[in-house]
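Remarks on the structure that follows.
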Amino acid sequence: MNTGTTATAKDKVAAKLLEAKLIDEAALAKAKEIQKKDGGSLGQALIKSGAIDENGYVTFMSKVYNLPIIDIGTAEVDIACIDLIPADVATKFQVLPINRAGRVLTVAMANPSNIFAIDDIKFITGLDVQPAVAGEMSIKKAIDKFYATTDSLAAIMEGIEDDIELVEDDDDDDLQGQDGQNAPVVKLVNTLLAEAVKVGASDIHVEPYERNMRVRYRIDGVLSEVMEPPIKLKNAIISRMKIMAELDIAERRIPQDGRIKLKIGAKKVDLRVSTLPCIFGEKVVMRILDKGNLNLDLADFGMEEKAIEDINDAIASPFGMVLVTGPTGSGKTTTLYSCLSALNDSGRNIMTAEDPVEYNIDGINQVQVRDSVGLTFAAALKAFLRQDPNIVMVGEIRDLETGGIATKAALTGHLVLSTLHTNDAPSTINRMIDMGIEPFLVASSTVLIMAQRLVRRVCKNCKEEVELSSEALEDLGMKPGTSVFKGKGCEKCNGSGYSGRQGLYEVMPITPEIRELILDRASTTEIRHMAVKQGMLTLRDDGLIKVAKGATTIEEVLRETAVAD
């Protein structure tokens with residue numbers, strides 16, 4: 001009897017979708033195949049297949065059942081109502097209690113036709129249920145967020161924590177599980193780490209506040225909240241993370257840095273750990289360094305052909321300086337590693353000074369900078385020059401001493417690779433001169449400067465074309481008729497419309513003409529105009545090319561780049 005009722009409801013939804021011409025028979029058949037294979041609701045299968053986006057489906061369901069729509073992202077959820085529906089029931093039926101007025105409980109539902117869910121909630125709560133329609137992915141996120149603060153943590157952690165092991169630094173092959181593996185805090189921390197690796201996060205932020213604590217993951221460059229652990233576990237969670245990173249758990253007054261080596265399933269992962277004392281406790285940020293996701297082939301970076309040729313010519317030079325610029329988190333280190341990987345062979349002595357060493361690369365002598373003991377970038381660079389190097393990488397040029405030694409090394413038969421924090425390639429010249437490095441040293445030592453940014457990629461699973469007028473395209477500097485794409489939002493991209501990241505690159509070789517401008521102390525604008533005249537693509541230009549190729553969106557390019565003078 002139950003099956004018949006459910007089947008009727010499904011048939012009604014499908015029939016109404018067909019009648020409204022929101023889908024066709026082929027799309028329905030494809031969605032049913034996905035539903036048969038992956039399970040879940042028909043609506044979710046339609047969204048996953050790309051037949052309809054989640055907003056369109058929610059609006060449709062609202063009209064069919066004459067129910068209001070709730071935007072969970074902006075709705076005020078009454079925390080007291082969360083306890084009325086157990087976590088397992090909320091997860092089973094994909095529902096979230098929103099608020100209560102007298103004997104009426106408003107519940108957001110992905111599938112308001114599920115009368116069995118409504119009956120069960122009535123029985124459990126003893127209240128009348130007022131359904132409202134919400135997106136299934138929005139409800140899933142909200143369940144993860146709100147029920148993480150309840151006693152259902154064990155359900156979230158089950159099956160994940162047993163796949164994670166700490167790796168001893170001294171013996172990379174000796175994998176040992178830790179004592180107290182069954183302790184709730186150990187399970188919770190293991191779950192956070194394992195889930196972050198699973199979803200492809202680059203950073204984990206654990207932040208204590210006065211009355212609550214939150215955990216956020218940075219995925220594709222954007223932070224999103226994933227959990228609010230119980231505030232009473234605040235100190236225990238932070239202490240567990242510090243123990244794993246071999247930090248002093250008794251010291252809570254000063255920042256500390258450490259490292260964690262993990263094996264999650266068959267994957268080995270390094271985490272760079274930083275603690276910072278805040279007014280309500282220590283904030284912990286962990287950078288996930290996953291060697292399995294490290295791409296060291298410049299050809300796969302999505303650079304334009306001329307940019308790759310210019311870089312390859314520069315790193316093939318026996319001496320000189322190659323600089324990569326951009327803000328923190330723009331992928332500069334990965335680019336330098338890629339250049340070193342292309343140069344790494346038994347005939348060269350390659351040495352790096354890094355803070356910190358993010359990835360270990362066989363065949364390269366890597367040094368961890370430690371300012372506290374006097375091992376600065378400048379000190380390391382001085383020592384390198386007594387070690388018969390061919391190629392030297394300096395993690396960052398921060399001051400005149402480091403910059404001066406690097407430029408002189410580049411002039412005395414060494415290839416030097418380094419980074420600087422500047423907004424674009426041309427402004428790097430005057431940044432070095434402002435540091436106190438003489439223009440003739442900058443002009444004669446520098447071979448190439450590259451600026452870069454990272455933008456989010458359009459999700460290939462839910463990619464769709466966007467119509468823009470010819471005037472709008474021309475205002476952006478694009479040809480009329482250019483196809484522009486965006487992601488609708490699907491299960492694979494967690495509703496964001498983006499999946500992964502793409503680099504934007506501004507590559508400026510130091511040509512004789514640009515060298516003359518440097519010697520004449522020309523402005524950044526003059527240097528940029530000359531570089532563009534000689535074929536350099538600005539970050540904005542390169543971004544618009546990526547937009548035309550369907551790799552990213554206009555919004556991402558405008559967010560990360562500026563119009564050149």
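This is a predicted model, so every value here is computed, not measured. Values below: all heavy atoms of this structure, side chains included; hydrogens, waters and symmetry mates excluded.
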Point-to-point distance, once rounded to the nearest 0.5 Å, from [atom1] of [X] to [atom2] of [Y]:
| X | Y | atom1 | atom2 | answer |
| --- | --- | --- | --- | --- |
| Thr325 | Ile397 | OG1 | CD1 | 11.5 Å |
| Cys459 | Glu464 | SG | CD | 11.0 Å |
| Leu247 | Asp257 | CG | CG | 8.0 Å |
| Phe301 | Gln502 | CZ | CD | 10.5 Å |
| Met109 | Tyr65 | CE | OH | 10.0 Å |

Decide side chain to side chain contact (heavy atoms under 4.5 Å, CB included) for Tyr217 and Glu195; before the verdict, give the C-alpha distance in whole Å, the side-chain angles of both, and the deciding distance to 0.1 Å.
CA-CA 10 Å; Tyr217 293 161; Glu195 189 64 20; 3.6 Å; yes
Is the closest side-chain heavy-atom distance between [X] and [Y] below 4.5 Å?
| X | Y | value |
| --- | --- | --- |
| Glu555 | Arg559 | no |
| Leu67 | Met61 | no |
| Ile204 | Met241 | no |
| Arg453 | Asn423 | yes |
| Val367 | Leu375 | yes |

Less than 4.0 Å between a side-chain N and a carboxylate O, is that true for [Y] and [X]?
| X | Y | result |
| --- | --- | --- |
| Glu207 | Lys283 | yes |
| Lys242 | Glu282 | yes |
| Asp270 | Arg259 | yes |

Sidechain-backbone polar pair: Glu251 side chain, Arg253 backbone, donor-acceptor under 3.5 Å
yes
Side chains of Tyr337 and Glu354, donor plus acceptor under 3.5 Å
yes
For Leu420 and Lys332, run side chain to side chain contact (heavy atoms under 4.5 Å, CB included): C-alpha distance rounded to whole Å, both residues' side-chain angles, the deciding distance at 0.1 Å, then the answer.
CA-CA 9 Å; Leu420 269 171; Lys332 300 187 299 295; over 6 Å; no
Determine, stepwise, if the pair Glu556 / Leu504 fulfils side chain to side chain contact (heavy atoms under 4.5 Å, CB included).
CA-CA 11 Å; Glu556 282 292 292; Leu504 306 183; over 6 Å; no
Against Tyr498, only a single residue in Asp220, Thr552, Thr553 fulfils side chain to side chain donor-acceptor pair (under 3.5 Å); can you say which?
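Option passing the side chain to side chain donor-acceptor pair (under 3.5 Å) with Tyr498: Thr553.
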Out of Asp399, Thr402, Asp371, which residue meets the side chain to side chain contact (heavy atoms under 4.5 Å, CB included) rule with Phe377?
Thr402
